[in-house]
Amino acid sequence: MTPPGPDLRHHGDVEATPGLVDLAVNVRAGAPPAWLREVLHAAVDASASYPDPRRARAAVAAAHDRPEDEVLLTAGAAETFTLVARALAPRRAVVVHPSFTEPEAALRAHRHPVERHLLAPPSYLLTPPPADADLVVLGNPTNPTSVLHPADDVAALCRPGRTVVLDEAFADTDPGEPQSLAGRRDLPGLLVVRSLTKTWGLAGLRVGYALGPPELVAALAAVQPHWPVSTPALAALEACAGAATTPWAHELAAHRQALLDLLPDGVRVVGQPRSSFVLLQVPDADRVRQRLREAGYAVRRGDTFPGLEPDHLRVAVRDPATSAGFAAALAAALG
Ligand SMILES: Cc1ncc(COP(=O)(O)O)c(C=O)c1O
């Protein structure tokens with residue numbers, strides 16, 4: 001089924017062509033750290049055997065204080081969206097937008113009818129989707145708006161008879177993760193989706209996991225290919241489970257503020273950014289984006305996200321020196 005409107009399979013990696021400063025993909029710069037690369041190299045050396053997920057699953061379960069049968073290890077968060085589409089037969093599937101588009105793309109690829117629940121500017125904060133939706137998908141913090149919904153508002157979506165797929169791929173960009181629901185076992189039908197891609201710089205490894213009720217985890221596992229997660233990915237899960245991310249998240253918050261302070265006149269910041277990227281509104285954004293590319297900077301176009309407009313651009317938070325260079329290029333591009 002062809003999705004209406006924008007290309008749901010357009011992602012920032014297409015825009016981050018070699019030679020440009022990459023502000024289009026929200027993977028942490030400078031990662032994976034050296035200690036994690038050593039873990040990965042050792043795991044490649046140990047890859048002659050088929051992968052054994054037991055230690056990694058136990059580590060993830062312990063990190064979130066949950067039983068092991070509530071943990072599904074996956075080849076990235078993206079795999080979970082496909083497993084959900086494969087395993088469930090929703091009567092009324094609703095995807096909260098603007099948000100990462102793969103969940104909707106996966107549902108459509110499996111021929112499920114999908115409705116969009118559009119959050120409104122200027123805050124893009126969560127509003128209740130239709131009460132009879134039996135599948136609700138949303139992200140928190142949300143890509144591309146960088147908005148962080150209060151945990152209570154997200155928890156209020158859960159109810160018997162409904163599955164809530166909560167994409168927390170960026171959860172650890174919020175220091176201490178107070179709005180995360182990853183540890184909540186009391187909420188019916190809640191599936192929390194996590195990724196190692198962003199924080200640990202492992203986009204190419206394909207590694208993540210999902211947390212939810214045992215029967216839902218089992219249903220998703222039943223439609224997963226055998227040996228879905230490679231030995232190096234399992235080693236990364238074991239090594240990163242419970243590793244401290246809060247100091248980095250604090251540094252990220254300072255870098256985000258630095259970027260916001262540097263932005264030139266004529267640029268509007270959307271909502272209240274709380275993650276590793278900011279959403280901007282600039283006049284004539286397509287031309288500005290092209291000019292930025294000529295100046296050496298790749299930013300993410302906004303118009304392929306349902307609910308955004310052609311004047312939106314998403315920009316990754318980097319160190320202040322990189323942001324200063326970008327801000328100068330943006331001022332020139334606007335001029
Ligand atoms: C909000 C969000 N969720 C999930 C993903 C995919 O994560 P993974 O690389 O673990 O599949 C992305 C990638 O851009 C994303 O932005």
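Note that the coordinates shown come from a computational prediction; the quantities given were computed from them, not determined experimentally. Just follow the structure's listing: the first ligand is 1, and inside any ligand the first atom is 1.
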message: Out of the candidates D167, V96, L119, only one should pair with L138 under the side chain to side chain contact (heavy atoms under 4.5 Å, CB included) rule; please name it.
response: V96
task: Say whether D261 and Q257, considering side chains only, have a donor N or O and an acceptor N or O under 3.5 Å apart.
output: yes
query: Listing by chain and number, which residues have a heavy atom under 4.0 Å from ligand 1?
result: G76, A77, A78, F100, N143, D167, A169, F170, S195, T197, K198, R206
Residues forming a side chain to side chain contact (heavy atoms under 4.5 Å, CB included) with A63, sequence neighbours excluded: A241
field: Between H64 and E70, a side-chain donor and acceptor under 3.5 Å
entry: no
- request: State whether the number of non-hydrogen atoms from other residues, nucleotides or ligands found under 6.0 Å of R287 atom CZ is greater than 12.
  value: yes
- line: Exactly one candidate in D134, L107, L216 meets side chain to side chain contact (heavy atoms under 4.5 Å, CB included) with L88; the answer is L216
